[in-house]
Number of protein chains: 2
Amino acid sequence: MPARIEDVAAHAGVSTKTVSRVLNGHTTVRVKLRTRIEASIRTLNYVPNPSARSLAGNRSYLVALLYDNPAAGSSYVMELIVGVLQACKETPYNAVLHPFEATEDLVAKIDGFVAQHRPDALILAPPHANNAKLLQRLDELELRYATISSKSRQSPIDISFDERKAAADIVGHLISLGHRRIGHVAGLKGHGAHAWRLSGYRDALRKAGIAYDESLVIPGDFTFASGMAGAKALLNRRHPPTAIFAANDDMACGVMREGYERGLAVPGDLSVCGFDDTPVALLVSPGLTTVHQPCREMGRMAVESVLQSIREPDLQRHTRAPYEMRLRASTAAPAKKR
Amino acid sequence: MPARIEDVAAHAGVSTKTVSRVLNGHTTVRVKLRTRIEASIRTLNYVPNPSARSLAGNRSYLVALLYDNPAAGSSYVMELIVGVLQACKETPYNAVLHPFEATEDLVAKIDGFVAQHRPDALILAPPHANNAKLLQRLDELELRYATISSKSRQSPIDISFDERKAAADIVGHLISLGHRRIGHVAGLKGHGAHAWRLSGYRDALRKAGIAYDESLVIPGDFTFASGMAGAKALLNRRHPPTAIFAANDDMACGVMREGYERGLAVPGDLSVCGFDDTPVALLVSPGLTTVHQPCREMGRMAVESVLQSIREPDLQRHTRAPYEMRLRASTAAPAKKR
DNA sequence: GTCAAAAGTACCAGCGCTGTCAAATGAAAA
DNA sequence: TTTTCATTTGACAGCGCTGGTACTTTTGAC
């Protein structure tokens, strides 16, 4: 039978209430006493019973991570999860992972979830971070939440990185290599990742004085198949692009596949770059030039911020995580012939 | 404020205890009454408070998934997680994910984890499934657990699939294409996945009457880099193999990269196959021939079995999940010239 | 040395549920 | 019909902790 708070109190010669104060970080305990109590806790290997804590304190010590359908098996989400779990480990909080599809009955579903788990805070991964109805419901339920890469300014706490600038950087890199006709396979409309990355693409073209050609932008949906389809459309043009910027790595892989099917050399005949730097970027050959999105870091930050906001309800914070270009072998100067 | 069991009892005109019986699936409630209570539960949108339940019932309704260092960002684990979460959703149980490194202080670490979360059951992913010390400690703590792909017969509940046969199948496929000199980049020693896949490789050779040549087997560690290194060693031979079987997909990608660096065509000059069918197998070009390991399904099964074993403590069950070959474009008949 | 503020104690209710065990019920037996 | 006994239901304590109130002790400023 594990030790109880009572045992610790007896061991340290104090009241249970004082032990409780120490456990909960209340500042009204003198250092000397606190030290003694902490020693007793360690000696007895005491760990508070989370259920009793939750029940009495009306808190669950749970942070829920809401992400979209995992069927995609998206490594983006995996990385987020890793970050969230890491961050939780350093706190008394625990993570609940919840794949969540925002269908018609969103409100009922979220209510059910909240009723069942009673999380103290939520973290919304894209695209939920942009779902106004969802955010509204959470506000009504007076739940704290953090969003990741939210488009809307509604969210009090948001962790993002400058996707627009990152996209501009990577397209700028293609331009600096000498590319002038650059295709773009865009993401799913409605996702922030669609708009920002497209804007960045346009920014880079503008900066280089290259006219924007709408027909060089093909809509995609972040899947490998849509990347292939996008590449097919672009490469079937009379003047195909010499480089393609895909709005994520999976689509970039699709582009590379289409190139492969046609016997085009990457990067010799076609430069390809992606976005996100998911693990696959390292595994494909040639290695994929992409932008490293600090998913783990963002997961961590989301947890930290949202927990802080429990203590400071007025907290507003829009954090921008740093990103990095990862220049690998899938991009090079265009072939001489043109 | 959400409904409490008391509210349901009042609404249905019974005692709280009877409601509790219905909630916990006790069979000693008359059908008529049970129906009435279930109706009340639905009307009031009642969901039991998990903390109160745990506290009173001395159960946590938690299933812990112990997996190895997630730094690898392994999609194997991701798939397992998805399966485990799915399975939990249909039960009152929740999953706790716990990346866990089995270092020296394993016992202390596992004790700490158990003290903190008090899971009712554990699921051990490889390589923990083979860690005798860990299993022993769990036995001492009288915790129920299921292992996934455990080598040892110690585990009462294990979910696996016939890796040896699967490996033999895929190497058999290479042989049937006409390959005779087939290299193998093996996994990390100690992992079941190392021994089984190597045995399968040998089985297939034996069956085809091809002599086993130890020098064609290069040790690896399941990483991309070790796959590259293994391929390097194999391709530097005076008579390089015409096909390489890597013990997992990441290493197969490393093999493909090494081929790419040398200007070898896959599958024209070198056939490559992997194992696991992680998402990357679909993303690389050419698509990777591999064995589909039903990770999700195995995660689900592990949860189901281990929960069943809570009700039936004597339960022993070694389940074999079905696997499938995924023949893609990375394998073909060897070049004519030899 | 005085006194207010801070730090700590003692005590108890109660969070929402389940386990124990006794009471009520109902069907079969007498 | 009454008795018997298994089945079904209920009353109540208590799981381990925190919040609150009321009170005592310590601290440090003057």
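Convention: sequence-line order gives letters A, B, ...; per-chain numbering from 1.
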Contacts satisfying side chain to side chain donor-acceptor pair (under 3.5 Å) that involve residues 121-133 of chain A (not counting sequence neighbours) are none
Salt bridge Arg137(A)-Asp111(A), side-chain N to carboxylate O under 4.0 Å: yes
Ion pair check, Asp162(B) and Arg320(B), cut-off under 4.0 Å: yes
Under 4.0 Å between a side-chain N/O of [X] and OP1 or OP2 of [N], yes or no?
| X | N | result |
| --- | --- | --- |
| Asn24(B) | dT18(C) | yes |
| Arg4(B) | dC15(C) | no |
| Ser20(A) | dT18(D) | yes |
| Arg53(B) | dG16(C) | no |

Evaluate the side-chain contact (heavy atoms from CB on, under 4.5 Å) criterion for residues Val96(A) and Leu65(A): first the C-alpha distance (whole Å), next the side-chain angles of each, then the deciding distance (0.1 Å), finally the verdict. CA-CA 6 Å; Val96(A) 182; Leu65(A) 175 65; over 6 Å; no
Between [atom2] on [N] and [atom1] on [X], what's the gap in Å once rounded to a whole number?
| X | N | atom1 | atom2 | result |
| --- | --- | --- | --- | --- |
| Asn58(A) | dT18(D) | CG | C1' | 11 Å |
| Arg34(A) | dT9(C) | CZ | C1' | 17 Å |
| Glu6(B) | dT18(C) | CD | P | 13 Å |
| Lys32(A) | dG8(C) | NZ | C1' | 14 Å |
| Leu23(B) | dC17(C) | CG | P | 8 Å |

Base, sugar-phosphate alone, or nothing: which one does Arg59(A) contact when heavy atoms must sit under 4.0 Å apart? sugar-phosphate
Applying a 4.0 Å non-hydrogen cut-off, can you work out what Ile5(A) is touching in the nucleic acid: base, sugar-phosphate, or nothing? sugar-phosphate
Flag if over 12 foreign heavy atoms under 6.0 Å of CD, Glu90(B): yes
Check: protein-nucleotides 5-14 of chain D nitrogen or oxygen pairs below 3.5 Å:
{"residue": "dT8(D)", "atom": "O3'", "partner": "Arg30(B)", "partner atom": "NH1", "Å": "3.3"}
{"residue": "dT9(D)", "atom": "OP2", "partner": "Arg30(B)", "partner atom": "N", "Å": "3.0"}
{"residue": "dG10(D)", "atom": "OP2", "partner": "Ser15(B)", "partner atom": "N", "Å": "3.0"}
{"residue": "dG10(D)", "atom": "OP2", "partner": "Ser15(B)", "partner atom": "OG", "Å": "3.0"}
{"residue": "dG10(D)", "atom": "OP2", "partner": "Thr18(B)", "partner atom": "OG1", "Å": "2.4"}
{"residue": "dG10(D)", "atom": "O6", "partner": "Arg21(B)", "partner atom": "NH2", "Å": "2.6"}

Does any non-hydrogen side-chain atom of Val63(A) lie less than 4.5 Å from one of Asn94(A)? no
Reference residue Ile5(B); test side-chain contact (heavy atoms from CB on, under 4.5 Å); the match among Ser15(B), Ser20(B), Pro48(B): Ser20(B)
Is the terminal nitrogen or CZ of Arg53(B) (NZ for Lys, CZ for Arg) located under 6.0 angstrom from the six-membered ring centre of Tyr61(B) and within 45° of that ring's axis? yes
Taking atom types as modelled, find out whether Ser51(A) and Ser51(B) have a side-chain donor-acceptor pair closer than 3.5 angstrom. no
Nucleic acid contacts - residues 42-49 of chain B versus DNA chain C, non-hydrogen atoms under 4.0 Å: Tyr46(B), Pro48(B), Asn49(B)
